[in-house]
There are 2 protein chains.
Amino acid sequence: MDDVSSALDSGLVARFATIVGDRYALRDQADIAPYLTERRGLWHGRTSMVLRPGSVDEVSQIMRLASETKTPVVPQSGNTGLVGAQVPDASGHEIVLSLSRLNRIREIDIHSNTVTAEAGVILQTLQEGADTAGRLFPLSLASQGSCQIGGNLSSNAGGTGVLAYGNARELCLGVEVVLPTGEVFDDLRKLKKDNTGYDLKNLFVGAEGTLGVITAAVMKLFPKPKGREVAFVGLPSSEAALALFGLAMDRAGSALTAFELIGQRPYDFTLKHAQGVVRPLAGDWPWYVLMEVSSGRSAEDARGLAEDILSAALEAGTAGDAVIGASLAQADAFWNFREVLPEAQKPEGASIKHDISVPLASIPQFIALAGDAVQSVSPGARPVCFGHMGDGNLHYNISRPQGGDDEAFLALYHAMNKAVHDIVRRLGGSISAEHGIGQLKRDELIATAPPMAIDLMRRVKAAFDPAGIMNPGKVI
Amino acid sequence: MDDVSSALDSGLVARFATIVGDRYALRDQADIAPYLTERRGLWHGRTSMVLRPGSVDEVSQIMRLASETKTPVVPQSGNTGLVGAQVPDASGHEIVLSLSRLNRIREIDIHSNTVTAEAGVILQTLQEGADTAGRLFPLSLASQGSCQIGGNLSSNAGGTGVLAYGNARELCLGVEVVLPTGEVFDDLRKLKKDNTGYDLKNLFVGAEGTLGVITAAVMKLFPKPKGREVAFVGLPSSEAALALFGLAMDRAGSALTAFELIGQRPYDFTLKHAQGVVRPLAGDWPWYVLMEVSSGRSAEDARGLAEDILSAALEAGTAGDAVIGASLAQADAFWNFREVLPEAQKPEGASIKHDISVPLASIPQFIALAGDAVQSVSPGARPVCFGHMGDGNLHYNISRPQGGDDEAFLALYHAMNKAVHDIVRRLGGSISAEHGIGQLKRDELIATAPPMAIDLMRRVKAAFDPAGIMNPGKVI
């Protein structure tokens, strides 16, 4: 472990420690280590100190001292982000501010359909709290057992529930934010409608901790569905998947609660590498869709709706084969298949990842163009295409050629990104649909976004954090 | 008509006129007059010139010249706003920039479910365009025959469709904005998911033209419901209305597409004063609800859902009486009743209006507290309470005491506002749920919002419009 003890003045370290108490001011590098790397292992930072405040007031005191001493602060909640936004830089000068002890659900209001939760509440805990109160909190991510609501908001998390319920931003009604100066901006409203000036809330949401520290939020709750059906569908083409989506949307509308596309390759990888996975369909298809419909009325109603959609799709030739989960266990098995799928790619060797979105109508075109582009960068490379198709969002990952060399393939990371992202841009898409910018895509964002957008974002950053102490080097 | 011809330098007027051409540079006060007053007659401005550009490039040139010469500009689309945001001040120095000639629907993409429309497209035209393409554009307002989409976005318009589909902000995927400098910020994306930096779009939406000029937008479209049922319900109390909402939400979820509360007084006023209105229910009730459910499946399905909700509500005593529109004509008649209702208040004399929201659970408490407060300000004054209850949004208007004096009553405007808004604030509500701030509520916003919020908004304003030429004196 590198020695970073001299990176921050020891007197300053002691002043910060006094705010949270010695026990919650981590200075031993063994204690600090878990806060410095993220799960993909792409980013490794250094720091002299991790602070774990236990109250909003302590967060405020920390930021006040940071502001006074120009000490850069990196907010962190569950440390599950995929773009390095929550990891400090290598200098050791940045302090990590962990929100994980702010983990109270302050209130669930079943009449207003809201939950007020602190930033450190684990997403799954929030889901369970809502469930116990007879409500649904629909944000759902692979990392929900460890990610926290503050990070979900700071990264404007997406996941599988966006189609019907919206992303973290759309689920958020109000925020409590500690500003870089330590001042507390209390905007914890439960209102669906509030036209009193500029939309400040949505600046903090998705800002990846670069404008302030979100310490709590009011989130929307929904009625719990009374019926839910999950179907696995085999399709002849990505065009057919688009047609199936149109058909399902037309019949189910907002009762269509998930529409996940899975290419043949990730499907096969999952069958091959994942433990305890059951083959959903007998035959092989170029494309698959996991589709969920939910009903507020009854299980029979959801069943009828799913059957209606699928029989129409089979009749039209849009779907080649389809099976509806016959039991809750089978429905869960279908979802499990989707959830273990990203991990099942690992045994196939190095992978170059993309988190893109394009207008829904352009998905088949994107898949065709990107497929060609990938081959031109690395002949034999294997696209592993899956994602939240209903949102226009694909995780378009590329596994190295079979039997190829990992390092040689990873040397093509930037060339591959550029080839794929050029197509995304040409189609009016986004190079980061749901994971954010962080450190990973900052240079690319600055280089390729319209200069006007970058200029406006810099003005916002300068207006909110003139000293530049909030998570420097991230986003912008 | 006052002479304002000297308010702006004649050379400058000529330079502006050259950009749009003489025909579209209105300088005759008779031509200008319609742009200077709004329908409530609360605000009367003056100007030397109304510019009616025919392209984004002309808007850009106008703003460039305005920026260079520090000429304040007031953007205006349909001129239906209720808070004076679209009206110039009395100085005559401000130029009115009308967007009404930018009235093209640029594209409807039925696969991506988006419409790209220019700022001057009339809302109803947009609804009809979507309908022709087999889609629903759900934003729906009383002024939809004349309001325009640019104004809808700048004011973050609400209306009756918010409950299931969201307000203008939530319906907007991308914007094209001409900045105060004349630069064009093109962010016309069709993406549901895009996490590439700060949320600039939502700053422009709801900014009432104070940060830039929205010239076009990408808006969401939805499948057209295949069935729709409208019911009129009589209820014993506002608590019962809250319970009915909970019951309907639980059973219908997002199929509950409207939930409008109507007090006994506006109900009676409408029966008394509105032309061609039919009494919806035989008996009299303290409260009424107009409830709409929609089905993506079939007319029978919507019928079954409406009947299910109402029979449960009648059995529980939540609803006292209820009738479902037996035909499309009767359904339309119920909606017509709701739509003519605000006008039916006029013959009862002067009115002091409020556009408030509170957390849904607090609606009965608000109604009780505000009722008392109104009496303490003006004994005998008559609350006319109605609105989009499903969104927590009430139009809480107060008619003067029966037989009272209009002027004496209107002298109490500020005292009444304060009494009602104090309760709103105490309940964590908003003093402008959907109409915005404009000139009407600017002083109150600045005086009563948390100083931190005002400070942050001022920083945003200064960052985007340092010269202060974009719609000065509005919002902040």
Side-chain angles (χ1 to χ4, degrees), chain A residues 109 111-112 155-156 158 162 167 170 183 185-187 189-200 202-203 206-207 223 242 246 249-254 296-297 357 359-361 391-393 428-437 445 449-450 452-453 456-457 459-460 463-464 475-476, chain B residues 109 111-112 155-156 158 162 167 170 183 185-187 189-200 202-203 206-207 223 242 246 249-254 296-297 357 359-361 391-393 428-437 445 449-450 452-453 456-457 459-460 463-464 475-476:
Chain A
D109 177 343
H111 294 293
S112 304
S155 63
N156 185 24
V162 176
N167 53 21
E170 290 165 305
E183 295 160 294
F185 174 53
D186 178 357
D187 196 32
R189 308 222 199 178
K190 295 181 183 178
L191 308 175
K192 188 160 176 183
K193 283 183 173 176
D194 177 23
N195 279 351
T196 52
Y198 304 148
D199 184 355
L200 300 170
N202 282 321
L203 274 183
L242 185 62
M249 200 49 159
D250 182 52
R251 302 201 177 210
S254 55
R297 295 180 241 174
S357 66
L360 210 59
D391 309 319
N393 175 198
S430 169
I431 62 164
S432 183
E434 60 174 11
H435 295 165
I437 296 298
L445 177 70
M452 177 58 43
L456 289 173
M457 288 184 207
R459 290 191 229 173
V460 169
F464 281 62
V475 185
I476 194 77
Chain B
D109 178 343
H111 294 292
S112 304
S155 64
N156 185 25
V162 176
N167 52 21
E170 290 164 306
E183 294 161 293
F185 174 53
D186 177 356
D187 197 32
R189 309 222 199 178
K190 295 180 183 177
L191 308 175
K192 188 160 176 183
K193 282 184 175 176
D194 177 22
N195 278 350
T196 53
Y198 304 148
D199 185 354
L200 300 170
N202 282 321
L203 274 183
L242 185 62
M249 200 49 160
D250 182 53
R251 300 199 179 212
S254 55
R297 295 181 240 175
S357 66
L360 209 60
D391 309 318
N393 175 197
S430 168
I431 62 163
S432 183
E434 60 174 12
H435 295 164
I437 297 297
L445 177 71
M452 177 56 43
L456 289 172
M457 289 184 206
R459 290 191 229 173
V460 169
F464 281 62
V475 184
I476 195 78

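Chain identifiers are assigned alphabetically (A, B, ...) following the order of the sequence lines, protein sequences preceding nucleic acid strands; residue numbering begins at 1 within each chain.
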Answer with side chain, backbone, both or neither: which region of [X] has an atom nearer than 4.5 Å to a non-hydrogen atom of chain B?
X: A:Asn156; value: both
X: A:Asp250; value: both
X: A:Ile437; value: both
X: A:Ala252; value: neither

* Choice from A:Ala449, A:Gly436, A:Pro450, A:Gly206 maximising heavy atom contacts with chain B below 4.5 Å ->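 Looking at each option in turn, the highest pair count goes to A:Gly436.
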* Asked: Taking every heavy-atom pair that is under 4.5 Å apart, which of A:Gly253, A:Pro359, A:Gly392, A:Gly428 has the most such pairs with chain B?
  ->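 Maximum pair count with chain B is reached by A:Pro359.
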If you count heavy-atom pairs within less than 4.5 Å of chain A, which of [options] leads?
options: B:Lys190, B:Met249, B:Glu434; answer: B:Glu434
options: B:Asp186, B:Leu456, B:Val475; answer: B:Leu456
options: B:Met452, B:His111, B:Glu170; answer: B:Met452

Which atoms of [X] approach chain A - backbone, side chain, both or neither, heavy atom under 4.5 Å:
X: B:Leu445; value: side chain
X: B:Asp109; value: side chain
X: B:Asp194; value: both

* Asked: About how many Å separate CG of A:Asn195 and OG of B:Ser357, when rounded to the nearest 0.5 Å?
  ->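 Answer rounded to 0.5 Å: 9.0 Å.
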* With sequence neighbours excluded, residues passing ring-ring contact (aromatic ring centres under 6.0 Å, His included) with A:Phe464 ->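 Partners of A:Phe464 by the ring-ring contact (aromatic ring centres under 6.0 Å, His included) criterion, ordered by chain and then number, come out as A:Phe204.
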* Asked: Between A:Arg189 and A:Thr196, is any pair of side-chain heavy atoms under 4.5 Å apart?
  ->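 A:Arg189 reaches A:Thr196 side chain to side chain.
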* To do: Report yes if the side chains of B:Val460 and A:Leu200 come closer than 4.5 Å at any heavy-atom pair, otherwise no.
  =>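 Yes, at least one pair of side-chain atoms sits under 4.5 Å.
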